[in-house]
Amino acid sequence: MKCFNCGCNLSEKSFCTGCGIDVSLYKKIMYVSNRYYNDGLDKANVRDLSGAVVSLRQSLKFNKNNIEARNLLGLVYFEMGDVVAALSEWVISKNFRPKKNIADDYINAVQENTTRLEAINQAARKYNKVLDYCNQGSLDLAVIQLKKVLSLNPNMIRGRQLLALLYMQSEEWEKARKELFRCQKIDTNNTTTLRYLKETKRMLEGDTENTSVPKKKKTATENAVVYQSGNETIIQPLNTKEPVLGSTVLNLLIGLFIGLAVCWFLILPARIQAVRVSYQKELKSVGDNSDAKTATITDLEQRVSALTDENKDLKEQINSFTGSNGAIEASDSLMKAAMAYMKDSSDEEAVGELLVQVDEEYLEGEATESYKQLYNVLMEAVGSSIAESYYTEGTLAVNQNDYTKAVESLEKAWYFDKTKSQTLYQLAQAYRMAEDNDKALETYKQVIELFPNSESAKKAKDYLEE
């Protein structure tokens with residue numbers, strides 16, 4: 001461990017033997033950072049990736065120059081399918097330690113495989129489209145698109161968790177459980193995965209119900225006298241009378257009349273009612289089939305309409321990707337700028353030319369946080385020096401009366417560094433000398449708004465009064 005003040009190797013004492021400064025608190029901070037790094041390393045070894053991310057982030061909070069922790073965090077992000085976040089961490093690590101840094105090997109391994117890199121970019125775009133489908137309520141289309149995303153990036157934890165959630169929404173619990181098991185193979189202790197898995201198991205197992213034991217039928221004879229006669233058991237009912245033998249013709253006629261009455265008033269209406277119920281059931285079945293077919297036709301029409309809209313959106317998306325301001329071109333420009341910086345960080349002009357090509361509308365709108373972070377890191381690394389170079393070039397062009405070149409150079413200087421009032425004031429002067437009065441007036445006003453107390457603002461007010 002080296003002293004933060006003079007760079008001398010520290011001993012076991014609480015002060016630096018080189019400069020004498022108190023380093024006790026500094027040592028504690030470094031020890032805590034290393035402890036969190038070791039904890040993250042242990043969790044990564046047992047595939048507790050989400051826990052490793054938390055520990056490694058804590059390590060970097062205490063010591064942002066902990067190169068080993070930052071490189072390991074990039075590896076964990078890469079294993080979880082978040083390649084952009086991994087590249088961001090490795091580029092930051094490369095910026096802190098340009099030489100003898102294993103982050104170079106990681107970055108080259110990703111960038112040399114262009115097919116893999118393009119598949120990752122497509123997976124990210126398709127995942128954003130899945131989120132749009134979910135917000136619109138088109139869950140079937142979201143499932144189809146999400147399966148394509150996972151075919152391109154199988155380790156994408158967020159994608160698999162979203163697919164499991166969609167299966168849970170449609171009550172396909174077995175499919176949801178399979179996806180969650182795949183998530184556990186990638187990240188064993190992810191809290192979101194465990195929460196979804198608990199709910200899925202609960203729905204699959206169901207609530208246990210107590211079933212009552214059926215009662216046995218009574219087999220014992222009631223109201224009867226049972227006795228043994230030799231080898232035979234005799235059962236004689238009680239309270240029974242012997243039938244009266246013989247009957248009269250009147251009794252027969254009465255019985256016949258009663259039977260006919262029973263048939264007429266009881267059996268025949270029951271038969272008629274049974275036929276009527278059967279007819280109604282058949283009629284209802286035909287109606288249900290008709291309604292089911294109508295619903296199927298309506299559902300198919302809705303799917304055709306949805307697929308038509310999706311086709312239209314995909315065409316528009318392809319046009320936006322392949323156009324001059326497309327997302328692919330914006331992403332490629334940033335990746336090329338990062339590659340140029342890593343190959344030769346001293347060639348700031350080449351990096352600046354590529355950064356100028358990044359679409360600001362895409363950067364402020366649809367770009368992810370990792371994309372913006374990579375852009376900001378590159379701008380912080382080369383922006384100020386490039387802005388100074390363009391500023392010198394622009395002022396020289398003004399002195400040579402080449403106002404077109406002066407405007408172009410000063411616009412680039414302001415693009416890379418928006419903190420200097422003199423750059424914006426000189427740009428307004430170049431517009432005025434190039435006889436672009438509208439731009440000059442707008443730029444003078446911008447100088448006054450952004451830097452109201454500066455000397456440049458006072459000069460701009462004088463020109464506006466003229």
(request) Measure the CD1-CD1 distance between I102 and I107 for me, rounded to the nearest 0.5 Å. (result) 11.5 Å

(request) Without swapping roles, check the side chain of N153 against the backbone of G81 for a donor-acceptor pair under 3.5 Å. (result) yes

(message) When you measure from the side chain of S305 to the backbone of E301, do you find a donor-acceptor pair of N or O atoms at a distance under 3.5 Å?
(response) no

(message) Strictly distance-based, threshold 3.5 Å: is any side-chain N or O of S151 a donor or acceptor partner for the main-chain N or O of K148?
(response) yes

(request) Walk me through it: do Q429 and R432 pass the test side-chain hydrogen bond (donor to acceptor under 3.5 Å, both in side chains)? (result) CA-CA 5 Å; Q429 291 285 80; R432 183 177 62 81; 3.3 Å; yes

(message) Is there a side-chain contact between Q400 and L396 in this structure, where contact means two heavy atoms from C-beta onward sitting under 4.5 Å apart?
(response) yes

(message) Looking at every heavy atom in both L60 and A69, which two are closest together, and how far apart are they?
(response) CD2-CB, 4.1 Å

(request) For Y127 and V149, work out which heavy atoms get closest and say how close. (result) N-CG2, 3.7 Å

(request) For N399 and T395, indicate whether the former's side chain and the latter's backbone hold a donor-acceptor pair under 3.5 Å. (result) yes

(message) Please check this pair: side chain of N155 against backbone of I186, looking for a donor-acceptor N/O pair closer than 3.5 Å.
(response) no

(message) Can you classify the ring geometry of F62 versus Y36 as parallel (below 30°), tilted (30 to 60°) or perpendicular (above 60°)?
(response) parallel

(request) Give a yes-or-no answer on whether the side chains of E455 and Y425 include a donor-acceptor pair shorter than 3.5 Å. (result) no

(message) I'd like to know if the side chain of R177 reaches the main chain of K201, judged simply by a donor and an acceptor atom lying under 3.5 Å from each other, with no hydrogens or angles considered.
(response) no

(message) So does M168 get a backbone contact from the side chain of W173, meaning a donor-acceptor N/O pair under 3.5 Å?
(response) no

(request) Heavy atoms only: give me the nearest D39-S55 pair and the separation to one decimal. (result) OD2-OG, 2.6 Å

(request) Sorted by first residue and then second, give each salt bridge (Lys or Arg N to Asp or Glu O under 4.0 Å) pair with at least one member in residues 179-192; sequence neighbours left out. (result) R160-E179, E179-R182

(message) I need the full list of ring-ring contact (aromatic ring centres under 6.0 Å, His included) pairs touching residues 280-309, with sequence neighbours left out, sorted by first then second residue.
(response) none

(message) Counting only heavy atoms from other residues, nucleotides and ligands, does the tally under 6.0 Å from CD of E171 exceed 12?
(response) no

(request) Spell out, as yes or no, whether a donor-acceptor pair under 3.5 Å connects the side chain of S285 to the backbone of K281. (result) no

(message) We want to know whether N34 and N63 form a side-chain donor-acceptor pair, criterion being a heavy-atom distance below 3.5 angstrom.
(response) no

(message) What verdict does the side chain to side chain contact (heavy atoms under 4.5 Å, CB included) test give for L131 and L162, after you've listed the backbone C-alpha separation in whole Å, the side-chain angles of each residue and the deciding distance to 0.1 Å?
(response) CA-CA 9 Å; L131 296 180; L162 180 57; 4.0 Å; yes

(message) Between Q161 and R158, is there a side-chain donor-acceptor contact under 3.5 Å, judged purely by atom types and distance?
(response) no

(request) Determine whether N101 and S93 make a side-chain contact, defined as any pair of heavy atoms from C-beta on separated by less than 4.5 Å. (result) yes

(message) Would E310 and K126 count as a salt bridge (Lys or Arg N to Asp or Glu O under 4.0 Å) here? Give the steps.
(response) CA-CA 12 Å; E310 181 186 8; K126 289 180 182 292; over 6 Å; no

